[in-house]
Amino acid sequence: MQGIYSIDFLTEQAKAWVSMNQYQHLLELMCVLLSIYFWLQRAYKPKSKGKKKLTREEIELACKQWKSVPLGEPPHSDAEAAWKRNSLAAEYDYVMKSESRETVDVADAKGALNLASFNFSGLQGSDQVKEACAETMKHYGCGSCGPRGFYGTTDVHLRCEERVAEFCGSKDAIIYSFGTATMSSVIPAFCKRDDVLICDEGVSYAVQAGCHLSRSQIHWFKHNDLEDLKRILEDIHQADVADPKRPSRQRRFIVLEALYTDYGDFAPLKEIIMLKNQYKYRLIVDESNSIGVLGASGHGVCEELSIPRDEIEVSGGDFSPALGTIGGFIVGERIVVNHQRLSGAGYCFSASQPPYLATAAIEAMNLLDSEGESRVGKLRQLTRKFRDLLSTGCGKCVEVLGDRDSPIVHLKLLGTEDDVELQKATLRKQKQLLDEGVFVSAPLYVGMIHKIPEPTLRLSVSAAHDEKMLTEAAVKICTVLTRD
Amino acid sequence: MGEHSEDDKYNNVPYFTALTTYCNYAVIVLLGHIWDFLANTFGRGDGVNGADGSDYAPYVRSFEDFYARRVYSRVSDCWGRPISSAPGAYVSVIEREDNVEMDWKVDLQPTGKTLDCINLASYNYLGYGELPGGIDQDTLEALDKYGVSTGGNSVEGRNDILEELEKTTADFLDKEASIILGMGFATNSQVLCSLVGPGCLLISDALNHASIVVGSRNSGAKIRTFAHNDPKSMENTIRESIATGQPGTGKPWRKILVVVEGIYSMEGEICNLPEIIRVKKKYGVSLFLDEAHSIGAMGGTGRGVCEYWGVGTKDVDIMMGTFTKSFGAVGGYIAASKDVVDLIRYTSPGALYSTTMSPPCVKHILWVLSEIKGEDGTGKGKQRIKQLKENTIYLRKKLAEMGLQIYGEPESPVIPIMIYGVGQIATFSRECLARGLAVVVVGFPATPLILSRARICASAAHTTEDLDKALEIIKHVAKLSMIYYDTPKRRVPALKAPKKFEEKVHATDSIFSREEMVEHSTENGHTVLPRAAPDFGRFSFI
């Protein structure tokens with residue numbers, strides 16, 4: 001036998017070892033002892049600075065010295081900036097004294113034209129809706145006294161879900177009890193750490209909250225900027241080369257609003273759908289404002305683009321702007337909907353929507369199905385007319401923001417760049433407009449969103465308005481905004 | 001005071017039950033994997049993992065997906081049962097059956113029949129969810145006068161009745177001001193972020209509700225938890241946190257907010273408010289009290305746990321509560337000093353982006369409040385509160401006599417009955433339903449693996465006859481599902497609490513995936529994230 005396993009070889013080695021001199025043996029022994037010594041030592045841990053054990057007295061002292069910032073003060077710098085801007089509104093008090101429909105009694109103004117609240121299809125205050133709600137209320141009471149899982153689901157909720165699915169042309173639908181809790185629950189239900197969200201900078205708070213709660217990697221692209229989106233998609237695509245399996249492991253979504261609340265413009269959905277198919281992303285679209293606005297009969301983006309609902313994996317939003325009721329909805333494939341029934345925080349852990357509000361949603365959708373075309377048509381016509389009047393009437397000192405067909409009109413006052421000053425001026429104009437009998441909104445924004453929109457006046461056109469009302473309003477608005 | 005600590009709950013689990021429960025889970029998981037294997041092998045495996053064979057990642061993570069399909073789907077008929085009536089003393093439950101062969105309970109369809117059940121499931125504590133008391137003429141008139149929704153936010157979309165409700169609520173709770181939001185969940189999840197933020201510390205009870213967890217995470221504040229309803233643990237957490245300051249920099253915290261609940265909805269325990277207030281005052285931290293379940297239901301005049309303990313609401317900085325439960329409506333309130341309410345009104349997303357409460361609900365709550373306060377002179381509201389207390393005590397006494405293991409104080413209207421066994425959850429729920437009793441059952445992941453339970457909510461709407469009938473049913477079903485754990489014969493021996501059980505609990509029932517837990521659970525030996533919305537939260541509570 002050859003090599004190290006042969007008996008001869010081993011005996012030779014053993015003999016050589018025995019014949020070594022005593023110092024060599026001593027050295028070997030020391031090495032062995034040393035290694036045993038080190039092996040018995042505890043693992044070395046670098047001492048961190050903060051981990052110093054404090055004595056009882058030190059803790060007592062620290063507790064005695066610590067003083068809280070008053071609870072009523074903003075907790076951090078972003079909030080402080082928001083507080084500085086927003087608290088200016090505390091000076092004004094807009095309490096409605098009547099139903100909020102095309103006109104409304106606010107504070108001292110009687111019958112002011114309501115351009116403040118979203119009511120695109122003009123369904124707020126519809127008698128047909130109210131009658132149906134009263135019937136439901138008489139049968140089911142006011143609230144539902146329980147979450148959806150625990151006997152809080154009524155057959156009205158189930159009917160409403162079916163109706164939403166049918167209305168949007170999707171396979172399944174789920175309803176939430178509150179608009180702003182919808183998107184912020186859906187996104188974390190699907191996206192977790194390591195997943196990727198590519199998000200428009202202009203999405204409203206609920207969507208942003210959902211993105212943050214998911215703890216996914218968020219990439220922001222410039223508002224409605226396809227080039228920027230493409231750049232991010234390409235960057236991620238390049239990074240995939242090193243790890244080709246990543247795309248099939250990582251959930252990837254592009255997140256948008258169909259019609260942006262805070263900017264009043266539409267997302268270039270057609271192009272984005274092409275991009276998302278090309279780069280294998282899924283799409284989350286907030287349809288809160290687009291139902292009742294987009295599509296020939298107000299059925300949303302899919303009708304507008306003539307694409308099947310399946311092209312958009314997750315879509316939904318707030319019932320409030322278009323349907324005039326409270327709650328939220330998500331439509332999608334069955335797996336998308338069913339997963340939320342177990343994982344959507346706002347669905348599982350909240351009491352269900354009062355049944356009459358679900359009835360209101362059903363009735364509103366019925367109305368849109370039967371009268372959608374005329375309502376959407378009228379809204380579009382009014383919007384264009386109103387926007388034209390505004391841009392010609394007060395072009396110099398005001399910037400009219402948003403797309404031509406968008407019923408959400410943001411008016412930015414020109415002349416000052418300082419946010420607080422601008423906010424102050426905006427709020428003053430809002431008050432002056434109300435004195436003239438036009439109620440417009442001056443939206444406030446929280447401090448912790450990605451990009452805080454500039455202070456503007458927000459006007460929202462409704463199908464319940466008529467041309468005369470809007471023409472008069474436009475004149476008043478231009479007068480008030482152009483005067484100093 | 002919490003009669004049973006979490007350790008006690010483990011201590012009370014009989015050895016044999018614990019063993020069979022673990023075996024149950026093992027068998028279910030094993031069977032599930034065998035089914036998956038067969039389905040994948042013999043061609044019915046399309047979409048088994050939510051993947052459609054394309055380049056996209058599956059929508060749902062594999063374990064969640066497995067759990068939903070192979071574990072939850074076996075018992076999914078126990079949750080989400082639709083009803084076709086108001087949630088009163090009795091409720092009509094729509095019968096459902098599975099119309100797809102082989103696929104367990106995934107496609108439940110109504111059969112057209114309804115079952116009239118005694119309702120021990122809804123949070124209808126004072127019976128205001130019920131007809132004819134639940135709707136009065138005013139509410140319907142409010143619908144007519146103010147419509148379904150104001151369409152505006154809490155700054156521009158308030159109407160006069162909402163303003164009145166804000167004042168009434170503040171008065172009712174003896175606070176300077178209040179703000180009303182349209183959803184109870186959002187009152188926590190969209191408000192905490194305006195109170196605390198980066199540089200602040202939020203100290204949360206380990207068993208706080210999911211909405212608080214979402215709100216805390218949303219705020220960006222550092223979150224630490226203390227052992228459930230344990231003021232000592234809370235004090236230690238505060239001391240340690242103040243002494244070490246902000247992580248990294250060691251700077252002192254800007255604000256420290258302690259968040260506790262009045263009644264814990266899954267434990268039935270009332271928070272130990274006097275001790276918590278003592279600690280809070282000693283260290284000068286702020287206190288946020290979520291009274292979702294206790295407002296209206298506790299105290300002689302329905303003013304919640306503060307009244308129950310006889311402490312003033314002045315000692316609680318922020319009183320939060322919902323109108324969903326005792327009031328039979330929807331929405332939530334925050335009552336606090338004026339500057340805090342203003343801060344919330346002008347900087348919180350709940351106020352700035354969300355639609356205000358629906359006017360008929362506002363009117364309904366105003367009506368309920370006037371009855372509770374006795375302003376209508378009929379004394380009906382007081383009577384309801386008294387009735388609720390009597391019903392609660394009666395139910396608890398009878399259930400304990402029966403030999404069932406229940407938790408919580410004698411006056412707490414939330415009564416959890418320990419079931420432990422996973423198979424027994426479904427048995428209990430189905431058999432109760434078949435006999436005409438609606439109860440809520442809860443299991444993993446909303447509770448720790450072996451602490452499954454049923455929960456009943458007492459209501460002022462029930463008469464003694466109703467309760468006797470319900471108790472009779474529970475007696476039969478408890479025998480059938482073998483859950484008499486508290487009879488003298490079975491009382492010993494019990495399972496010892498595993499060491500460091502706290503971490504274990506949190507590892508199992510968090511909304512967050514395991515990796516996230518590891519990352520967050522090590523700081524200062526505290527589990528940083530409180531018990532949260534589990535990923536499959538259908539089992540859980542609101």
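Per chain, numbering begins at 1; letters A, B, ... match sequence-line order.
With respect to B:Arg61 and A:Asp195, a salt bridge is recorded, a charged nitrogen being found less than 4.0 Å from a carboxylate O. Between A:Lys130 and A:Glu135, none of the side-chain N atoms (NZ, or NE/NH1/NH2) sits under 4.0 Å from a carboxylate O, so this pair counts as no salt bridge. Using a 4.0 Å cut-off between charged side-chain N and carboxylate O, B:Arg239 and A:Glu60 make a salt bridge.
For B:Cys193, the parts lying near chain A are the backbone and the side chain together; criterion is any non-hydrogen pair under 4.5 Å. With a threshold of 4.5 angstrom between heavy atoms, B:Ile94 approaches chain A through side-chain atoms but not through N, CA, C or O. Only the backbone of B:Ser348 comes within contact range of chain A, with at least one heavy atom under 4.5 Å from a heavy atom of that chain. Heavy atoms closer than 4.5 Å to chain B are found in both the backbone and the side chain of A:Leu444. Neither the backbone nor the side chain of A:Val104 comes within contact range of chain B; no heavy atoms are under 4.5 Å apart. Only the side chain of A:Ile449 comes within less than 4.5 Å of a heavy atom of chain B; its backbone N, CA, C and O stay farther away. Residue contact with chain B, scored on non-hydrogen atoms closer than 4.5 Å, is absent for A:Pro355. In this structure, no portion of A:Asp78 lies under 4.5 Å from any heavy atom of chain B. For a residue to count as touching a neighbouring chain, one of its non-hydrogen atoms must lie under 4.5 Å from one of that chain's; by this rule B:Ser326 does not touch chain A. Interface residue A:Ala442: backbone and side-chain heavy atoms are both found under 4.5 Å from chain B. No part of B:Ser92 comes within reach of chain A, as not one of its non-hydrogen atoms sits under 4.5 angstrom from that chain. Contacts of A:Glu313 with chain B are made by both backbone and side-chain atoms, with heavy-atom separations under 4.5 Å. With a threshold of 4.5 angstrom between heavy atoms, A:Ser144 approaches chain B through N, CA, C or O but not through any side-chain atom. Heavy atoms closer than 4.5 Å to chain B are found in the backbone of A:Phe118, but not in its side chain. Interface residue A:Asp93: only side-chain heavy atoms are found under 4.5 Å from chain B. The part of B:Ile318 that comes within reach of chain A is its side chain, from C-beta onward, which places non-hydrogen atoms under 4.5 angstrom from that chain. Both the backbone and the side chain of B:Ser354 come within less than 4.5 Å of a heavy atom of chain A. Heavy atoms closer than 4.5 Å to chain A are found nowhere in B:Ser211, neither backbone nor side chain. In this structure, the portion of A:Ala360 lying under 4.5 Å from any heavy atom of chain B is its side chain and not its backbone. Interface remark: A:Asp155 contributes backbone and side-chain atoms alike to the contact with chain B (heavy atom separation under 4.5 Å). Proximity to chain A involves both the backbone and the side chain of B:Ala438, based on heavy atoms less than 4.5 angstrom apart. Only the backbone of A:Ser98 comes within contact range of chain B, with at least one heavy atom under 4.5 Å from a heavy atom of that chain. With a 4.5 Å cut-off on non-hydrogen atoms, B:Asn119 does not touch chain A at all. For a residue to count as touching a neighbouring chain, one of its non-hydrogen atoms must lie under 4.5 Å from one of that chain's; by this rule A:Tyr356 touches chain B with the side chain only. Contacts between B:Cys200 and chain A at a heavy-atom distance below 4.5 Å involve the side chain alone, from C-beta outward.
When each of B:Asp339, B:Leu343, B:Thr355, B:Val340 is checked for heavy-atom pairs under 4.5 Å with chain A, B:Leu343 comes out on top. Highest contact tally toward chain A, considering only B:Arg158, B:Lys255, B:Met357, is held by B:Lys255 [criterion: heavy-atom pairs under 4.5 Å]. When each of B:Trp253, B:Phe323, B:Phe185, B:Tyr346 is checked for heavy-atom pairs under 4.5 Å with chain A, B:Tyr346 comes out on top. Per-residue heavy-atom pair counts under 4.5 Å with chain A were compared for B:Asn124, B:Asn218, B:Val196, and the maximum is reached by B:Asn218.
Ring geometry for B:Trp367 against B:Tyr128 counts as perpendicular: the plane angle is over 60°, on a 0 to 90° scale with 30° as the lower cut.
For residues 342-359 of chain B, the salt bridge (charged side-chain N to carboxylate O under 4.0 Å, His left out) pairs, not counting sequence neighbours, are B:Glu166-B:Arg345, B:Lys338-B:Asp342.
For B:Lys282, the NZ atom counts as densely surrounded, since its 6.0 Å shell holds more than 12 non-hydrogen atoms of other residues, nucleotides or ligands.
Between the side chains of B:Arg81 and A:Tyr151, at least one donor-acceptor pair of N or O atoms lies under 3.5 Å. At a cut-off of 3.5 Å, with distance as the only test, a side-chain donor of B:Thr356 or B:Thr150 sits close to an acceptor on the other residue. In summary, the side chains of A:Gln124 and A:Glu99 do not present any donor paired with an acceptor at a separation below 3.5 Å, with no hydrogens or angles considered.
Interatomic distance, CZ of A:Arg282 versus CZ of A:Arg251, reported as 8.0 Å (0.5 Å rounding).
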Intermediate values then yes/no, side chain to side chain contact (heavy atoms under 4.5 Å, CB included), A:Arg246 and A:Arg252: CA-CA 10 Å; A:Arg246 202 169 64 160; A:Arg252 293 172 167 184; 3.5 Å; yes

Before giving the answer on side chain to side chain contact (heavy atoms under 4.5 Å, CB included), spell out for B:Val441 and B:Arg455 the whole-Å C-alpha distance, their side-chain angles and the decisive distance to 0.1 Å. CA-CA 6 Å; B:Val441 288; B:Arg455 185 195 53 191; over 6 Å; no

Derivation and outcome, salt bridge (Lys or Arg N to Asp or Glu O under 4.0 Å), residues A:Asp105 and A:Lys97: CA-CA 5 Å; A:Asp105 299 345; A:Lys97 306 222 159 86; over 6 Å; no

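Scored by the side-chain hydrogen bond (donor to acceptor under 3.5 Å, both in side chains) test, A:Arg249 finds A:Asp243 as partners (sequence neighbours excluded).
Nearest heavy-atom pair across A:Tyr140 and B:Ala86 is O-CB, 3.4 Å.
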